[in-house]
Amino acid sequence: MSTLLENLNWRYATKKFDATKKISASDLNTLKEAVRLSASSYGLQPYKVVIVENPEIREKLKAAAYGQTQITDASQLFIFANDLNLGAVSVDNYIQNISETRGVPADALAGFSDMMKGTIANLSDENKNIWTAKQTYIALGTLLSAASELKIDATPMEGFNAAAFNEILGFDKLGLNASVIATVGYRHDEDDAQHYKKVRKSHEELFITI
């Protein structure tokens with residue numbers, strides 16, 4: 001079995017974190033870089049990733065997450081917030097980034113720019129926000145895999161009041177929406193869930209080759 005598969009078998013959705021154990025600055029930077037390098041449609045990355053360490057803010061967020069202790073006990077809380085104002089400005093900024101990074105004249109990217117703008121313009125506000133929210137899940141998956149490589153526990157969570165999160169964090173004023181969250185840190189010795197066998201569909205049940 002490859003190291004990747006071993007690490008994916010090792011990881012699980014941690015229910016109880018050891019609040020005394022913190023992720024090193026080096027490992028945290030590795031997780032951040034992994035998320036930064038994550039795939040996204042067109043490479044637009046239509047989201048922000050907010051890392052919450054402040055204990056007072058996390059207490060407020062725990063109340064908005066139905067009292068789940070992972071919010072306050074984990075080393076860090078990652079909040080993936082999708083962009084609610086994706087449009088021409090975001091595309092222009094991305095095109096400028098491509099131009100500067102690759103040394104390509106912006107004019108040479110006009111066709112790519114027009115294609116992205118046209119696609120986005122044809123989406124309703126609702127569908128556009130659904131699309132940007134989907135992108136956050138790709139980044140979340142990258143975080144989970146990267147954490148397993150470092151033997152850092154990570155728990156993806158959808159059980160929270162997004163509207164309350166948005167208010168607490170001021171996302172409403174930033175044109176952002178809390179889409180999905182993940183707590184990262186180290187499992188507590190008393191977390192029984194770490195001993196459960198991983199339950200997944202078999203290859204035959206999951207995969208269809210045509």
Check the pair Lys16, Glu190 against side chain to side chain contact (heavy atoms under 4.5 Å, CB included), reporting the backbone distance first and the verdict last.
CA-CA 7 Å; Lys16 184 177 177 62; Glu190 297 175 357; 3.7 Å; yes
Apply side chain to side chain contact (heavy atoms under 4.5 Å, CB included) to residues Tyr47 and Thr132 and explain how you reach the verdict.
CA-CA 7 Å; Tyr47 49 78; Thr132 58; over 6 Å; no
Given side chain to side chain donor-acceptor pair (under 3.5 Å), test Glu205 with Ser202 step by step and report yes or no.
CA-CA 5 Å; Glu205 293 173 310; Ser202 68; 3.3 Å; yes
Ile23 and Tyr186: side chain to side chain contact (heavy atoms under 4.5 Å, CB included), yes or no, with the steps?
CA-CA 8 Å; Ile23 296 173; Tyr186 297 98; 4.0 Å; yes
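For the pair Asn127 (side chain) and Leu123 (backbone), a donor-acceptor distance under 3.5 Å is absent. Remark: the backbone N or O of Ala133 is paired with a side-chain donor or acceptor of Thr136 at under 3.5 angstrom. Remark: side-chain polar atoms of Thr101 are not paired, donor with acceptor, to backbone N or O of Ile98 under 3.5 angstrom. Without hydrogens or angle criteria, Lys15 side chain to Asp192 main chain gives no donor-acceptor distance under 3.5 Å. Counting only distance, with no hydrogens or angles, the side chain of Gln194 and the backbone of His188 share a donor-acceptor pair below 3.5 Å. No donor-acceptor pair closer than 3.5 Å links the side chain of Ser75 to the backbone N or O of Gly185.
No path of Ile, Leu, Val, Met, Phe, Trp and Tyr side chains, each step under 4.5 Å between heavy atoms, connects Leu144 with Tyr12, placing them in separate hydrophobic clusters.
Annotation: salt bridge (Lys or Arg N to Asp or Glu O under 4.0 Å) contacts of Arg11 (sequence neighbours excluded): none. The salt bridge (Lys or Arg N to Asp or Glu O under 4.0 Å) test applied to Lys62 returns Glu59, not counting sequence neighbours.
Lys198 and Asn9 share no side-chain donor-acceptor pair at under 3.5 Å. Under the 3.5 Å distance criterion, with hydrogens and angles disregarded, a donor-acceptor pair is assigned to the side chains of Ser41 and Gln135. A donor and an acceptor atom, one from each side chain of Asn177 and Asn129, are nowhere located under 3.5 Å apart.
Shown here is Lys134, whose NZ atom has no more than 12 heavy atoms of other residues, nucleotides or ligands within 6.0 Å. In His203, the NE2 atom is not crowded: 12 or fewer heavy atoms of neighbouring residues, nucleotides or ligands sit closer than 6.0 Å.
The shortest side-chain heavy-atom distance between Val49 and Ile79 does not fall under the 4.5 Å cut-off.
For the side-chain contact (heavy atoms from CB on, under 4.5 Å) test with Phe80, the passing option among Val50, Leu176, Val35 is Val35; the others fail.
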